[in-house]
Amino acid sequence: METIKLIIDNKEVEVPRGTTILDAAKSVGIHIPTLCYMKLEDLHYENNPGACRICVVEIEGRRNLAPSCKMECTEGMVVRTHTPRVMNARRTVMELILSNHPAECLTCSSNGHCELQKIAHDLGIREIRYKGEMSTFTIDRSPSIVRNMNKCIMCRRCETMCNTIQTVGALTAVNRGFNAAVSTAFERDMAGSTCSYCGQCVSVCPVNALSGRNTQQPVLDALADPTKIVIAQTAPAVRTALGRDFGYEPGTLVTGKMVSALRQLGFDYVFDTDFAADLTIMEEGTELLHRLGSYLNGDKEVKIPLMTSCCPGWVSFVEQHFPELRDNLSTAKSPQQMFGAIAKSYFAEKLGVDRKDLVVVSIMPCLAKKYEASRPEFSVEGNPDVDYSIYTRELARLIRYANIDFNELPDGEFDRPLGESTGASVIFGTTGGVIEAACRTAYELYTKKNLDKVDFEELRGLEGIRSATIDFNGTPVKIGIAHGLGNARKLIEEVKNGTSPYHAIEVMACPGGCIGGGGQPFHRGRMEVLRRRAAALYREDANKPLRKSHENPYIQQLYSEYLGEPCGPKAHKLLHTHYID
Ligand code: HC1
Ligand code: SF4
């Protein structure tokens, strides 16, 4: 590879030809601020419209300042990144951006996380000399996402994320100049667009133009209502990311502190979505074996590959973009919804109360889970199985709201029976984890043999599309895995064309799976953060005494006491669903 040498801030730098000044500076630890540029190397994703002009630098011998995100390094170049001229230019650009940006920092939910706020602070902006006209776009509220274009700075990160990475194509820039905004086709609201509510646009928005819908108040109201029994269920991926909002390193497991915080907030029972993930494996694993058996017996009608159905962003993507393949989706409800259905039937009966007396709150890394919980098929006579779904950042806000000193909390334990789980359920939170968990159980059910080595390393990693063949005692089961909807599209196109080699496919809509969900503390494209979150879940799995879903004694009890057989009539009624045309 041909390299070139240059000088940046008196440091000699050697980089491959074609490297931008911004990347060259980064390689030697020199940080140049930018609002629009974003790179996710593992996903081969780059947003580089050269729009914000915050990243300008001075180059010796050149009259004009240059945007470092666009300008490639040349041999012998001498670059300065923070001369008075550079800093004045950045301040002017920043003041112009702020001149028509709503000054709502104190009440904005991005306060403290906002990249615009941080750069304005770093640049020492203390007054805005230019007073611009304010935009007056109508705020668009979907079940999962709020779009406030009055705050948009036209960095185009969301558009690149939605169109290039996720290939959903819900967002596009409209209008020009002062009226420019990111909108949907025909300027519909998001609920009427092709949006799958994956929330990835929210996770890359540097300001608060796109944000998660806020459901904190009804949760606080329920907690304060003495007539209600309020139950929390916590998703697998929350425990590995929540600590970030309290100063912990990425990937620190805070399971016990999270449980204690929820108790202190006033939840009557703190249960675990992981329990329901074990239940999902019982149903989905059984369904896989049924379909596989029929397929291997020559049944041409059976829908193979079976596609996982626990990710609501993915389910919505299939329903909207590939409706002809919706029967390939497993009919098993997601763990969030299985939990709600069991809590409001089995557990309500155990307590001897009406389901309407229970309020089920899910804590999720995901924004699409709010939409999923609101789907009418997941309710009984208007009473939803999951009343409210809040995301990880919302839980962090609730903890602060209640003045709980998170770092000092002792480690609490989940309540039983719906809080007991195996290692298989923990890894649901990372790409490849659902299918690995399913393989652990399906293997034993199919072969009637003990699976000694439960770690299917070949299913792990952050490569966008992965595949493996698992030997079920002489029967090769072909598995495909994708994370990110753009990768999923490639696998599902093969299914549509009849060329898919797989028997089962796992898809998670978000890059990394739920660990990278749109409701998690922001990772802003740093894949190392996702790697550490995934590693933490695999650690928790390895340390669990039970690591196969069917070995969970409370799952066994649930079937023997209440449900009967996996995929039997009662299980079907409570734990399976259908998809929208
Ligand atoms: Fe997920 Fe799932 S793993 S979808 O990624 O199947 O959100 O964490 O809760 O329901 O269990 C999310 C995570 C989560 C469900 C489970
Ligand atoms: Fe696109 Fe996902 Fe954002 Fe919807 S939530 S607009 S699908 S990135």
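The shown structure was predicted, so the numbers you read here are calculated from the model rather than taken from an experiment. Whatever order the structure lists ligands and atoms in, that order sets their numbers, starting from 1.
- For ligand 2, the atoms closer than 4.0 angstrom to any heavy atom of G199 are 2 (Fe), 5 (S).
- Between atom 1 (Fe) of ligand 1 and C311 there is no N/O/S contact shorter than 2.8 Å.
- Remark: ligand 1 and Q336 share an N or O pair separated by less than 3.5 Å (distance only, no angle test).
- If you check which protein heavy atom lies closest to atom 8 (O) of ligand 1, you get A237 N, 2.8 Å.
- Of the possible donor and acceptor atoms, one in the side chain of R157 sits under 3.5 Å from a partner among the backbone N and O of V204.
- In the vicinity of M364, heavy-atom distances shorter than 4.0 Å reach the ligand 1 atoms 7 (O), 9 (O).
- The closest donor-acceptor contact from the side chain of N148 to the backbone of I139 lies at 3.5 Å or more, if one exists at all.
- Ring geometry for F347 versus Y269: interplanar angle over 60°, hence perpendicular rather than tilted (30 to 60°).
- For atom 2 (Fe) of ligand 2, the closest non-hydrogen atom of the protein is C198 SG, 2.3 Å.
- Which parts of ligand 2 touch V168 is read off a 4.0 Å heavy-atom cut-off, strictly below it: atoms 7 (S).
- Atoms of ligand 1 lying under 4.0 Å from any heavy atom of C310, numbered from 1 in the order shown and given with element: 4 (S), 6 (O).
- Neither the backbone nor the side chain of Q337 has any atom closer than 4.0 Å to an atom of ligand 1 (non-hydrogen atoms only).
- Residue S334 has at least one heavy-atom neighbour below 4.0 Å for each of these atoms of ligand 1: 10 (O).
- Applying the 4.0 Å criterion to heavy atoms of S196 picks out, from ligand 2, the atoms 4 (Fe), 7 (S).
- There is a side-chain donor-acceptor pair under 3.5 Å between E283 and H576.
- Atoms of ligand 2 found under 4.0 Å from any heavy atom of C201 (numbered from 1 in listed order, with element): 3 (Fe), 5 (S), 6 (S), 8 (S).
- Counting the atoms of ligand 1 from 1 in the order shown, those under 4.0 Å from a heavy atom of P236 are 8 (O), 9 (O), 11 (O), 13 (C), 14 (C), 16 (C).
- Inspection of the S109 and R393 side chains reveals no N or O donor paired with an N or O acceptor under 3.5 Å.
- Under the 30°/60° scheme for interplanar angles, the aromatic rings of H113 and F522 are found to stand perpendicular.
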Steps toward side-chain hydrogen bond (donor to acceptor under 3.5 Å, both in side chains) verdict (T273, Q233)
CA-CA 5 Å; T273 313; Q233 55 153 320; 2.8 Å; yes
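- Residue K369 has at least one nitrogen or oxygen atom sitting less than 3.5 Å from a nitrogen or oxygen atom of ligand 1, judged on distance alone.
- At a heavy-atom cutoff of 4.0 Å, ligand 2 is contacted by the side chain of I145 but not by its backbone.
- Distance check for C195 against atom 4 (Fe) of ligand 2: an N/O/S atom falls below 2.8 Å.
- Side chain of D278 to main chain of A424: no donor-acceptor pair is present (N/O by atom type, distance under 3.5 Å, no hydrogens or angles).
- For the pair R416 and Y554, the cation-pi test (distance below 6.0 Å, angle within 45°) is failed.
- The ligand atoms of ligand 1 that sit less than 4.0 angstrom from a heavy atom of C366 are 7 (O).
- By the neighbour-count criterion of 12 heavy atoms within 6.0 Å, atom NZ of K303 is sparsely surrounded, having that number or fewer from other residues, nucleotides or ligands.
- Below 4.0 Å from some heavy atom of L171 lie the following atoms of ligand 2, by number and element: 6 (S).
- Remark: of the listed residues Q337, K344, R355, R355 is the sole one forming a side chain to side chain donor-acceptor pair (under 3.5 Å) with D385.
- Judged by the 6.0 Å and 45° rule, K570 forms a cation-pi pair with Y562.
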For the pair E394 and K369, evaluate salt bridge (charged side-chain N to carboxylate O under 4.0 Å, His left out) and give the outcome as yes or no after the intermediate values.
CA-CA 13 Å; E394 276 185 297; K369 287 286 174 191; over 6 Å; no
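- Between the side chains of E372 and S389, no donor-acceptor pair of N or O atoms lies under 3.5 Å.
- Heavy atoms of P365 come nearer than 4.0 angstrom to ligand 1 in at least one pair.
- In this structure, the protein non-hydrogen atom closest to atom 1 (Fe) of ligand 1 is C514 SG, 2.4 Å.
- For atom 6 (S) of ligand 2, the candidate residues are M161, M190, Q320; the nearest heavy-atom contact is made by M190.
- Looking only at heavy atoms of the protein, atom 3 (S) of ligand 1 is closest to F428 O, 3.3 Å.
- Note on ligand 1: G513 sits outside its first shell, no heavy atom being nearer than 4.0 Å.
- Close N/O approach between G429 and ligand 1 is not found [any backbone or side-chain N/O within under 3.5 Å].
- Close approach of ligand 1 to P335 (heavy-atom distance below 4.0 Å) involves ligand atoms 6 (O), 10 (O), 11 (O), 15 (C), 16 (C).
- Taking atom 9 (O) of ligand 1 as the reference point, the nearest protein heavy-atom neighbour is A235 CB, 3.0 Å.
- Atom CD of E457 sits in a crowded spot, with more than 12 heavy atoms from other residues, nucleotides or ligands closer than 6.0 Å.
- Below 4.0 Å from some heavy atom of Y197 lie the following atoms of ligand 2, by number and element: 4 (Fe), 5 (S).
- Contact atoms of ligand 1 toward A277: 11 (O) (distance under 4.0 Å to a heavy atom of the residue).
- With 2.8 Å as the limit, C162 does not count as an N, O or S neighbour of atom 2 (Fe) of ligand 2.
- For the pair T392 (side chain) and Q520 (backbone), a donor-acceptor distance under 3.5 Å is absent.
- Ring pair F406/Y248 is perpendicular by interplanar angle, where above 60° counts as perpendicular and below 30° as parallel.
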